[in-house]
Student: 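This structure is in structure tokens; I'll ask about it shortly.
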Amino acid sequence: MKRKKGTGRGLKRVLFASGGVLIVVLTAFTIKYINRLSDKAMYAYGNAGKADDAADAWREQPAEPTRALEQTDEQPVVTPLPPLTFDDGYVHSGEMKEVLAYENGVAYGLRYPVCEEEALQTAVQSAAEALLAEWLDTFGDTAGEAGTLRIDYEDGGFGALYSVLFRVEKEADGVTECKAVPWVYNKKKGEAVDAENLFADRAYVEIAEKVNEAVTKNDGTAEAGEAESVFVDRESFSAYLLTAEGIRFFYEKDSEESSVLMSYPELHTYMNVTVGGKVVAETIRELDPEKPMIALTFDDGPHYQNTPRLLELLEQYGVRVTFFVLGDRATWNGSPEALKLMAESGNEIASHTQSHKMLSQLSEEELVAEIAKARDVIYELTGDYPTFIRPPYGSYNDMVKKYACTPLIIWNLDSEDWKTKNKDSIIEQILGEAGDGKIVLCHDIHTCTVDAMEVVIPELIQRGYQIVTVRELLYYKGVELENGAVYHSSYN
Ligand code: ZN
């Protein structure tokens, strides 16, 4: 998406860099003075001989008003206002409310979305009105000031997150100033989400780098060093819009507004919110960081019988685990329900790829398909993309790391349930090797594994362990997550 010069928005720019104010001089500025039309007569305004000083001319009293002032000679003289209109350059997803009015010499127009949900409507309207008030204030002392203010918007969203990007355009005293102001609302939680809560701290630098990479790749014409010139920094997070496909970041390049779309799988480890709208603060429980933690993980499911049984057990003990599911199993008979149950229960759903192939032996194309298919199936069934990938057999190479788009999770405690298929051996193996920060490999397709959990889970709790998801484990242990990086536990 690129807005080009000469399309009616040629003078509009979005402000990004350095938090300063970008000012564009309007060459054909015609409004000399605007006042309340409701209670003031309109006068023609003559400024002959002042052409060189046009910017200041209107502040002075006119020499010869075309007709006598009704009140005092101090009465300022105004030209008729051009009707304030919006050009329809922005896409609105649904109904829209438009307010056109005048206040203290400023002609303004405010547009904001009309939403079905009442709480959301109230929130978006107050956000729009607050923005309007804030910008009307910038016209300062209105004596002798005049101008126009347009606030338009574009909107989008994903899952529980509704996203608006307000577009402010202020014209005053011959200059135009534009700014894009994002507003995001979590419908599930019923509250606005600011950038600080949306993006992880480290995201500012890392997403900026990714955006620069994408920009350089997208326009294909980038020369060496050009990425530098479009580098988006922390300030760039002042202009973004969540859409169904990903987050669109806006930036300025060669005096034009450009944007780049980053998909959710690319972004999700940099965000405090997962794409289905679950805020991580919700999916990460409040736990005691001082007490030992262990992450039980279950591969190769879901299984239409064993998985629901395991889920009941987990609920009974109030613990959470991570499931590395197979895309093609997720759609088996009875399994879609199992996957939905998993998602609803607060357990973590990660990918074990589509069909359990040895990834390191696949061609690039096959590898991408194995990862993408599973991701799409999981998304379709749960409304969330998988948080992590565990490559089948723990086997990976550089290409796997490159295309994972998530961190890779291996393990450092193998229950060997796949080998022994024996409840007692599984119990002995896990309890014998349990330790703080460990990630345990199990398989919820085996009945004996679920049988073993009836002993393992209460015993681990008895020993003081908190049984957690992989995300919780890595979060509480302060492990920085990186897409394509490999994690065996919280410490190696
Ligand atoms: Zn497996």
Side-chain angles (χ1 to χ4, degrees), residues 1 3 9 12 14 84-101 103 108-136 149-170 178-199 237-250 257 259 261-264 267-268 271-283 343-344 379-380 382-385:
M1 189 164 92
R3 293 203 176 89
R9 295 197 166 268
K12 292 192 180 180
V14 174
L84 184 76
T85 53
F86 286 94
D87 56 15
D88 285 310
Y90 298 119
V91 178
H92 308 120
S93 71
E95 294 281 299
M96 176 190 77
K97 172 105 171 134
E98 184 177 289
V99 180
L100 297 174
E103 186 173 307
Y108 68 85
L110 173 66
R111 284 178 160 185
Y112 58 88
V114 173
C115 309
E116 274 178 26
E117 289 170 52
E118 206 183 314
L120 175 57
Q121 182 58 39
T122 308
V124 75
Q125 186 175 337
S126 7
E129 283 167 355
L131 191 64
L132 174 70
E134 183 192 323
W135 277 81
L136 283 175
L149 178 67
R150 284 179 183 81
I151 300 182
D152 203 339
Y153 71 95
E154 44 201 316
D155 62 340
F158 196 86
L161 297 177
Y162 176 62
S163 174
V164 176
L165 187 63
F166 288 108
R167 301 293 201 150
V168 183
E169 183 191 312
K170 174 189 176 184
C178 296
K179 177 125 182 154
V181 182
W183 183 81
V184 176
Y185 186 82
N186 187 330
K187 292 188 270 184
K188 223 187 233 171
K189 292 188 84 182
E191 63 187 31
V193 189
D194 60 14
E196 306 269 293
N197 289 316
L198 197 58
F199 300 106
F237 288 81
S238 61
Y240 53 83
L241 179 71
L242 278 68
T243 72
E245 294 79 33
I247 301 183
R248 190 169 282 285
F249 292 94
F250 295 84
E257 180 182 301
S259 68
L261 182 74
M262 312 275 299
S263 73
Y264 292 111
L267 288 170
H268 84 261
M271 295 176 68
N272 286 333
V273 178
T274 63
V275 283
K278 277 187 210 153
V279 174
V280 169
E282 285 170 8
T283 61
E344 284 162 13
Y379 172 67
E380 208 171 294
T382 67
D384 271 315
Y385 287 111

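These values consider heavy atoms only, across backbone and side chains, with no hydrogens, waters or symmetry-generated copies.
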Student: Minimum heavy-atom separation for Leu165 to Ala239, with atom names?
Tutor: CD1-CA, 4.1 Å
Student: Do other residues, nucleotides or ligands put more than 12 heavy atoms under 6.0 Å from the CD atom of Glu118?
Tutor: no
Student: Using 0.5 Å steps for rounding, measure from the CG atom of Leu131 to the CG atom of Leu136.
Tutor: 9.5 Å
Student: So which atom in Lys97 and which in Val114 form the shortest heavy-atom distance, rounded to 0.1 Å?
Tutor: N-CG2, 3.7 Å
Student: Can you tell me how far CG of Leu261 sits from CZ of Phe249, rounded to the nearest 0.5 angstrom?
Tutor: 9.5 Å
Student: Looking at CZ of Phe166 and CG of Leu110, how far apart are the two atoms once the value is rounded to the nearest 0.5 Å?
Tutor: 7.5 Å
Student: Please tell me if the side chains of Glu169 and Trp135 come closer than 4.5 Å, counting only heavy atoms from C-beta onward.
Tutor: no
Student: What are the two closest heavy atoms between Phe86 and Leu100, and how far apart are they?
Tutor: CE1-CD2, 4.0 Å
Student: I'd like to know whether CD of Glu380 has more than 12 heavy-atom contacts from other residues, nucleotides or ligands below 6.0 angstrom.
Tutor: no
Student: Please tell me if the side chains of Leu198 and Leu161 come closer than 4.5 Å, counting only heavy atoms from C-beta onward.
Tutor: yes
Student: Which heavy-atom pair separates Val164 from Leu241 by the least distance, and what is that distance?
Tutor: C-CD1, 4.0 Å
Student: With sequence neighbours excluded, tell me which residues meet side-chain hydrogen bond (donor to acceptor under 3.5 Å, both in side chains) with Glu116.
Tutor: none
Student: Does any part of the side chain of His92, heavy atoms only, come nearer than 4.5 Å to the side chain of Asp152, both counted from C-beta?
Tutor: yes
Student: Any side-chain heavy atom of Leu132 within less than 4.5 Å of one from Tyr112?
Tutor: no
Student: Just verifying a value: how many Å separate Lys170 NZ and Leu149 CG, rounded to the nearest 0.5 Å?
Tutor: 8.0 Å
Student: Indicate yes or no: at least one non-hydrogen side-chain atom of Tyr90 is less than 4.5 angstrom from one of Arg111.
Tutor: no
Student: With a 4.0 Å cut-off on N to O distance, would you call Glu154 and Arg248 a salt bridge?
Tutor: no
Student: Distance from Tyr185 atom OH to Cys115 atom SG, nearest 0.5 Å?
Tutor: 9.5 Å
Student: What's the shortest heavy-atom distance between Asp194 and Tyr240, and which atoms?
Tutor: C-OH, 4.4 Å
Student: Looking at every non-hydrogen atom in both residues, tell me the closest pair between Tyr153 and Pro113 and how far apart they are.
Tutor: OH-CA, 3.3 Å
